[in-house]
Engineer: 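Just passing along the structure, written as structure tokens.
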Amino acid sequence: MTDRHILFSGPMVRALIAGTKTQTRRLLKPQPKVLKNGSWYRPYPQDRSNWQYALGGIIHAYAKVRIVEGDRLWVRETWSHTGDHVFSISEARRCPFGHAIYQADENPDFPHAKFWPSIHMPREFSRLTLTVTDVRVERLQEISEADAMAEGWPHADTGGVGVPLRDAYPIGWYGNLWNDINGAGAWEANPWIVAYTFTVHHCNIDAMAKEAA
């Protein structure tokens, strides 16, 4: 088990909190130069980070993934701190008063808060921890409707009724989201990705033992 950080945008943080997001997809780097009709598998004896691409019984490519089953991911998100005279992250870490607040939430009591980007969130201010339960290497467009819903499709309660057509279906919504994040044409390029499934714990990673108790 390894502890790592992972970044999420505000809408995805809200989906994690709501329990509608239990998967995330990230680009496989570097992208392997292989055909589309083979398959990825883990060699025996099993090395959970090592994947091989086979076609017709011949190994054509190898890939290593950073995150494997059992790893814990502490979520980084856009945040601030309510302590008096806290103008820097180092001051927030030292401040004995106040607490972290998060841009993904409504913060009417702190209308002038200065928020820091998620990449600058220290571990101790993270409020969400993910435990990875499954890892798959596949093409982006292999995503199923159930997987797209698990990515946090925001219209499960209405079934897509009464929303813009681009978001009315889970896979279409996810394709548009991928393009919004990665640039026009990113979905159409159909890259190799790593799909992670996880459980969400509403606590700091270093407080998980207390949650389990």
Engineer: Looking at side-chain heavy atoms only, is the closest gap between H201 and L130 below 4.5 Å?
Structural biologist: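 They are not in side-chain contact.
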Engineer: Considering only heavy atoms from C-beta outward, does the side chain of M208 approach that of T131 to under 4.5 Å?
Structural biologist: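 Of all side-chain heavy-atom pairs linking T131 with M208, at least one is under 4.5 Å.
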Engineer: Residues in side-chain contact (heavy atoms from CB on, under 4.5 Å) with Q46, at least two apart?
Structural biologist: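 Q46 satisfies side-chain contact (heavy atoms from CB on, under 4.5 Å) with R42, R48 once adjacent residues are dropped.
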Engineer: Could I get the full list of side-chain contact (heavy atoms from CB on, under 4.5 Å) partners for E138, not counting sequence neighbours?
Structural biologist: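 Once residues adjacent in sequence are excluded, the partners of E138 under the side-chain contact (heavy atoms from CB on, under 4.5 Å) criterion are R25, R136, E142, I193, A195.
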Engineer: With ILVMFWY side chains joined below 4.5 Å, transitively, what does F115's cluster contain besides itself?
Structural biologist: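 When side chains under 4.5 Å apart are linked, the cluster holding F115 also contains I101, F110.
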Engineer: Is a side-chain N or O of E77 found less than 3.5 angstrom from the main chain of G10, in a donor-acceptor match?
Structural biologist: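 Such a contact is absent between E77 side chain and G10 backbone.
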Engineer: Please check if the number of heavy atoms outside Q31 that lie under 6.0 Å from its CD is greater than 12.
Structural biologist: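 Atom CD in Q31 is packed in, count exceeds 12.
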Engineer: Could you please spell out the steps behind the side chain to side chain contact (heavy atoms under 4.5 Å, CB included) verdict for L73 and F8?
Structural biologist: CA-CA 11 Å; L73 312 176; F8 282 104; over 6 Å; no
Engineer: Going by ring-ring contact (aromatic ring centres under 6.0 Å, His included), name the residues that satisfy it together with W74, two or more places apart in sequence or in a different chain.
Structural biologist: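 ring-ring contact (aromatic ring centres under 6.0 Å, His included) check on W74 returns H5.
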Engineer: Does the side chain of R93 reach to within under 4.5 Å of the side chain of E124, using non-hydrogen atoms?
Structural biologist: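 Sidechains of E124 and R93: in contact.
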Engineer: Taking V68's backbone N and O only, do any of them form a donor-acceptor pair with D71's side chain (distance below 3.5 Å, no angle check)?
Structural biologist: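 Checked: pair present.
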Engineer: Okay, side chain of S80, backbone of K114: is any donor-acceptor separation there less than 3.5 Å?
Structural biologist: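 Yes: the side chain of S80 pairs with the backbone of K114.
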Engineer: Side chain to side chain contact (heavy atoms under 4.5 Å, CB included) between R4 and V132: does it pass, once the steps are laid out?
Structural biologist: CA-CA 11 Å; R4 305 182 187 277; V132 179; over 6 Å; no
Engineer: Can you name the residues that form a side chain to side chain donor-acceptor pair (under 3.5 Å) with S9, not counting sequence neighbours?
Structural biologist: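 Once residues adjacent in sequence are excluded, S9 has no partner under the side chain to side chain donor-acceptor pair (under 3.5 Å) criterion.
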Engineer: How close do G98 and T82 get, heavy atom to heavy atom, and via which atoms?
Structural biologist: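 G98 and T82 have their closest heavy atoms at CA-OG1, 3.2 Å.
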Engineer: If hydrophobic clusters are built from ILVMFWY residues whose side chains come within less than 4.5 Å, do V34 and V65 share one?
Structural biologist: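 Yes, same cluster.
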Engineer: Could you go through the side chain to side chain contact (heavy atoms under 4.5 Å, CB included) check for I67 and V194 one step at a time?
Structural biologist: CA-CA 9 Å; I67 299 169; V194 187; over 6 Å; no
Engineer: Report the residues that fulfil side-chain contact (heavy atoms from CB on, under 4.5 Å) with H120, sequence neighbours left out, ordered by chain and then residue number.
Structural biologist: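 Scan of H120 (side-chain contact (heavy atoms from CB on, under 4.5 Å), adjacent residues dropped) gives I89, P117.
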Engineer: List the atom of I59, the atom of A54, and the distance in Å for their closest heavy-atom pair.
Structural biologist: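 Nearest heavy atoms, I59 then A54: CD1-CB, 3.9 Å.
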Engineer: Looking at F198 and T133, what are the two nearest heavy atoms and their distance?
Structural biologist: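 Closest approach of F198 to T133, heavy atoms only: N-OG1, 3.8 Å.
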Engineer: Using the rule that two of Ile, Leu, Val, Met, Phe, Trp, Tyr join whenever any of their side-chain heavy atoms come within less than 4.5 Å, decide whether V13 and L7 are in one cluster.
Structural biologist: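 No, V13 and L7 fall in different hydrophobic clusters.
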Engineer: List for me each residue that meets side chain to side chain donor-acceptor pair (under 3.5 Å) alongside R123, sequence neighbours excluded, and say none if there are none.
Structural biologist: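 Partners of R123 by the side chain to side chain donor-acceptor pair (under 3.5 Å) criterion, ordered by chain and then number, come out as D3, D206.
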Engineer: R72 side chain to M1 main-chain N or O, any donor-acceptor pair under 3.5 Å?
Structural biologist: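 No, R72 side chain to M1 backbone: no donor-acceptor pair under 3.5 Å.
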Engineer: Among residues at least two apart in sequence or on other chains, which ones pass ring-ring contact (aromatic ring centres under 6.0 Å, His included) with F125?
Structural biologist: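 Residues passing ring-ring contact (aromatic ring centres under 6.0 Å, His included) with F125: W79, H81.
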Engineer: Which value, rounded to the nearest 0.5 Å, describes the distance between E91 atom CD and D84 atom CG?
Structural biologist: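 Here the rounded value is 11.5 Å.
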Engineer: Could you measure the distance from the CD atom of Q141 to the CH2 atom of W178? Nearest 0.5 Å is fine.
Structural biologist: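 So the gap between those two atoms works out to 11.0 Å.
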Engineer: Does the side chain to side chain contact (heavy atoms under 4.5 Å, CB included) test come out yes or no for D134 and Q23, once each step is laid out?
Structural biologist: CA-CA 9 Å; D134 184 64; Q23 286 188 11; over 6 Å; no
Engineer: Heavy atoms only: give me the nearest G152-A15 pair and the separation to one decimal.
Structural biologist: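 That closest heavy-atom pairing would be CA-CB, 4.2 Å.
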Engineer: The criterion is side chain to side chain donor-acceptor pair (under 3.5 Å); which residues satisfy it with T20, sequence neighbours excluded?
Structural biologist: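 Side chain to side chain donor-acceptor pair (under 3.5 Å) list for T20, sorted by chain: empty.
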Engineer: K64 side chain to R66 main-chain N or O, any donor-acceptor pair under 3.5 Å?
Structural biologist: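 No; zero donor-acceptor contacts below 3.5 Å.
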Engineer: Pairs in or reaching into residues 36-65: which pass ring-ring contact (aromatic ring centres under 6.0 Å, His included), with residues at least two apart or in two chains?
Structural biologist: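 Sorted result for residues 36-65: W40-Y53, W40-W192, Y53-W192.
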Engineer: When clusters are formed by joining ILVMFWY residues with side-chain heavy atoms under 4.5 Å apart, either directly or through shared neighbours, do M121 and W116 land in the same one?
Structural biologist: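 Same cluster: M121 reaches W116 through Ile, Leu, Val, Met, Phe, Trp or Tyr contacts under 4.5 Å.
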Engineer: What pairs with S144 under side chain to side chain donor-acceptor pair (under 3.5 Å), at least two apart in sequence or on another chain?
Structural biologist: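 Here the qualifying residues are D147.
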Engineer: Any chain of hydrophobic side-chain contacts (each under 4.5 Å) joining I181 to I6?
Structural biologist: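 Yes, one cluster joins them.
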Engineer: Sub-3.5 Å donor-acceptor pair from the side chain of N179 to the main-chain atoms of A184, do we have one?
Structural biologist: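 Side chain of N179 to backbone of A184, a donor-acceptor pair under 3.5 Å: no, none is there.
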Engineer: For D105, give me all partners under side-chain contact (heavy atoms from CB on, under 4.5 Å), at least two apart in sequence or on another chain.
Structural biologist: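 Counting only residues at least two positions away or on another chain, D105 forms a side-chain contact (heavy atoms from CB on, under 4.5 Å) with I17, Y102, N107, R127.
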Engineer: Search all heavy atoms of S126 against all heavy atoms of L128 and return the closest pair with its distance.
Structural biologist: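 Distance-wise, the nearest heavy atoms are OG-O, 3.2 Å.
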Engineer: Quick check for you: to the nearest 0.5 Å, what is the distance between N190 atom CG and I143 atom CD1?
Structural biologist: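 The CD1 atom of I143 is 11.0 Å from CG of N190, to the nearest 0.5 Å.
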